Amino acid sequence: MDRLVIQGGHPLRGRIRVSGAKNAALPCLAAALLTADPVVLSNLPAVADIRTMVKVLQSLGTEASLEAHPDGFELTARLACAGSEDPKAPYDLVKTMRASILVLGPLLARFGKATVSLPGGCAIGARPVNLHLEALERMGARIEISHGYIHASVKGRLKAIDHTFEKVSVGATENILTAATLAEGTTILRNAALEPEIGDLAQLLVEMGAQIEGIGTGTLTITGVQRLHGCEHAVIADRIEAGTYLCAVAAACGDVVLDRCEPEHLRSLLDLLERSGCVITEREGQEGRQLRIQREPGQKLRSKDVTTLPFPGFPTDLQAQVMAVMTQACGISVINEGIFENRFQHAMELERLGANLRTDGHTAIVAGPADLTGCTVMATDLRASAALVIAGLVAAGETIVDRIYHLDRGYSGLEKKLQGVGARIERVGGGKV
Ligand code: UD1
């Protein structure tokens with residue numbers, strides 16, 4: 001098993017090119033199931049989750065190829081889904097990536113049936129799929145759960161609904177939005193999630209011929225069509241990857257320009273880092289917007305409180321990284337996790353590195369600044385791993401981050417991108433450390 005070995009205490013200076021958004025790419029890949037025509041998706045990050053989703057699509061009768069770009073950080077997928085007699089997303093794939101549930105809506109809408117493994121719990125909380133299933137049942141699907149699988153079918157086409165999600169859910173919004181594109185009639189989805197990745201998915205669906213109004217708002221109106229066609233689409237930049245590098249500079253100091261990002265997708269983090277004392281500049285670059293972050297060594301950070309909420313609130317996917325930042329800020333920071341019930345597993349590992357913090361239920365209290373010192377820490381989930389890398393960049397001496405297969409699920413070339421801005425970080429095979 002690979003590990004990352006980090007020599008901390010070196011400021012980061014230079015440029016990082018932000019990859020495409022994993023969480024936009026996954027629903028876009030699933031949406032390719034809606035048509036037999038070729039769909040070409042570019043700017044996909046070269047991460048394990050993308051390869052897993054492509055395997056899921058292949059198991060569902062899709063011809064798929066993934067082409068890596070010369071920099072190794074980016075992939076283009078060419079997909080054509082003829083379909084299969086009995087579309088089934090197996091447990092072996094779904095258990096490694098919960099987002100596999102996103103194939104349920106497209107499969108039901110196009111083929112009238114689907115079998116998808118129940119994803120089960122995960123390290124950060126229960127993560128049920130009731131909101132997905134309730135809406136599909138209201139659209140006329142018959143849903144049965146047996147032997148760990150969701151068996152769904154519908155006679156004829158799915159029917160349009162006027163539906164208010166009881167809770168804001170990114171995945172449920174995506175699943176029902178895609179399903180509704182081929183349903184009979186006009187579906188209205190209220191209390192839909194506002195995450196930018198949903199806007200990107202909706203944009204792809206429109207390019208495929210879907211009729212969607214209200215993109216970017218909490219009410220999506222989708223008029224179902226008989227069929228969708230192929231298209232070429234480039235996914236948006238990864239706001240969480242960009243946010244992770246911003247947190248790395250805020251914590252470890254330096255001066256870094258992020259190429260190709262969308263500041264509007266990161267407003268809550270940018271506000272927080274600016275209020276904490278970092279200097280942030282936005283400008284137009286050759287390949288889209290750029291963000292520059294500066295915090296010189298010796299420049300103090302101020303602690304700030306954070307509550308994670310659905311977009312445009314502070315993203316739960318940046319909570320762990322910002323906790324690593326707050327270990328370096330002067331004063332007390334109260335961090336409330338408002339989305340998932342068990343998302344503080346990085347806290348104990350940060351403590352092992354010398355952070356001064358306490359957790360109680362959904363709240364973590366961080367007192368800073370703490371002198372972090374390197375040791376071996378264990379990654380527990382994707383974003384927790386990123387927080388440990390950030391802390392390792394700060395800590396004196398050597399930090400070893402173990403179990404980085406979590407990190408490889410969602411960060412394209414993390415150690416190479418960090419090396420490019422002067423970090424002393426190396427990937428080492430499990431047997432060699
Ligand atoms: C997506 C993101 C994930 C991010 C999360 C919240 C992808 C692939 N993953 O996950 O990185 O952390 O949004 O921004 O895009 N819930 C229910 N019933 C359901 C569905 C969700 O109770 O049927 C709850 C969840 O347990 C959670 C909350 O709703 O407490 C939000 O979850 P949701 O937005 O659905 O997250 P995901 O789509 O799984």
Side-chain angles (χ1 to χ4, degrees), residues 20-21 23-44 50 53-67 74-87 89 99-114 116 136 139-141 152 154 156-161 173-189 192 196-216 220-236:
N23 286 354
L26 293 173
C28 287
L29 285 165
L33 293 168
L34 290 167
T35 176
D37 292 351
V39 173
V40 180
L41 295 172
S42 59
N43 200 32
L44 307 176
I50 297 300
M53 184 56 105
V54 168
K55 281 189 199 152
V56 173
L57 298 184
Q58 284 169 328
S59 77
L60 297 167
T62 305
E63 286 232 359
S65 70
L66 271 179
E67 183 194 318
E74 209 175 284
L75 300 169
T76 295
R78 289 169 206 283
L79 310 148
C81 179
S84 86
E85 288 279 290
D86 187 16
S100 314
I101 189 74
L102 295 175
V103 300
L104 184 59
L107 286 176
L108 253 184
R110 177 148 164 237
F111 302 111
K113 64 176 174 180
V116 179
L136 288 171
M139 295 175 89
V154 61
R157 288 168 74 190
L158 289 167
K159 308 278 177 297
I161 46 171
T173 303
E174 291 167 344
N175 233 338
I176 309 310
L177 165 65
T178 42
T181 59
L182 290 178
E184 207 176 317
T186 298
T187 294
I188 304 177
L189 299 179
E197 293 76 19
I198 292 169
D200 196 33
L201 168 66
Q203 202 51 52
L204 165 76
L205 293 169
V206 168
E207 287 157 20
M208 293 172 76
Q211 291 183 17
I212 305 172
E213 279 168 39
I215 297 174
L220 295 167
T221 305
I222 310 114
T223 301
V225 294
Q226 292 280 351
R227 68 178 293 277
L228 295 172
H229 51 74
C231 72
E232 294 192 10
H233 178 81
V235 303
I236 56 171

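Note that the structure is predicted; figures quoted are calculated from it, not measured. Heavy atoms only: backbone and side chains are in, while hydrogens, waters and symmetry mates are out.
- Using a distance-only test at 3.5 Å, with no hydrogens or angles considered, a donor-acceptor pair links the side chain of Asp37 to the main chain of Gly230.
- Shortest non-hydrogen contact noted between Leu158 and Ala179 is CD1-CB, 3.9 Å.
- A distance of 4.5 Å separates CG of Leu228 from CG of Leu182, quoted to the nearest 0.5 Å.
- Each of Ile212, Ile215, Thr186 was compared with Thr221 under the side chain to side chain contact (heavy atoms under 4.5 Å, CB included) criterion, and only Thr186 meets it.
- With a 4.5 Å cut-off on side-chain heavy atoms, Asp200 and His233 count as touching.
- Scanning all heavy atoms of the two residues, the minimum distance from Glu207 to Cys231 falls at O-CB, 3.7 Å.
- Closest approach of Ala21 and Val235 over heavy atoms only: N-CG2, 4.0 Å.
- Contact record, Val154 with Gly140: CG2-O, 3.5 Å, taken as the closest heavy-atom pair.
- Between the CD1 atom of Ile176 and the CG atom of Leu220 there is a distance of 12.0 Å, given to the nearest 0.5 Å.
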Thr187/Met139 under side chain to side chain contact (heavy atoms under 4.5 Å, CB included): CA gap, chis, key distance, verdict: CA-CA 9 Å; Thr187 294; Met139 295 175 89; 4.2 Å; yes
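- The backbone N or O of Ala64 lies less than 3.5 Å from a partner atom in the side chain of Gln58, making a donor-acceptor pair.
- Between Glu213 atom CD and Ile188 atom CD1 the span is 10.0 Å, to the nearest 0.5 Å.
- Looking at every heavy atom in both residues, Leu29 comes nearest to Leu44 through CD2-CD1, 4.3 Å.
- Remark: side-chain polar atoms of Arg78 are not paired, donor with acceptor, to backbone N or O of Val40 under 3.5 angstrom.
- In this structure, CG on Leu75 lies 9.0 Å from CD on Glu67, to the nearest 0.5 angstrom.
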With side chain to side chain contact (heavy atoms under 4.5 Å, CB included) as the criterion, how do Leu26 and Glu197 come out once you've worked through the C-alpha distance, each side chain's angles and the decisive distance to 0.1 Å? CA-CA 10 Å; Leu26 293 173; Glu197 293 76 19; over 6 Å; no
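- Note that the CG atom of Leu41 and the SG atom of Cys28 stand 6.0 Å from one another [nearest 0.5 Å].
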Throw together a table of side-chain donor-acceptor distances under 3.5 angstrom for residues 103-112, partners on residues two or more places apart or in other chains.
from   : atom 1 : to    : atom 2 : distance (Å)
Arg110 : NH1    : Leu33 : O      : 2.8
Arg110 : NH1    : Thr35 : O      : 3.2
Arg110 : NH1    : Cys81 : O      : 2.9
Arg110 : NH2    : Cys81 : O      : 2.8

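- With rounding to the nearest 0.5 Å, the separation of NZ in Lys55 from CG in Leu66 is 10.5 Å.
- Ala80 and Pro38 make their closest contact through CB-CA, 4.4 Å (heavy atoms, listed as atom of the first residue, atom of the second, distance).
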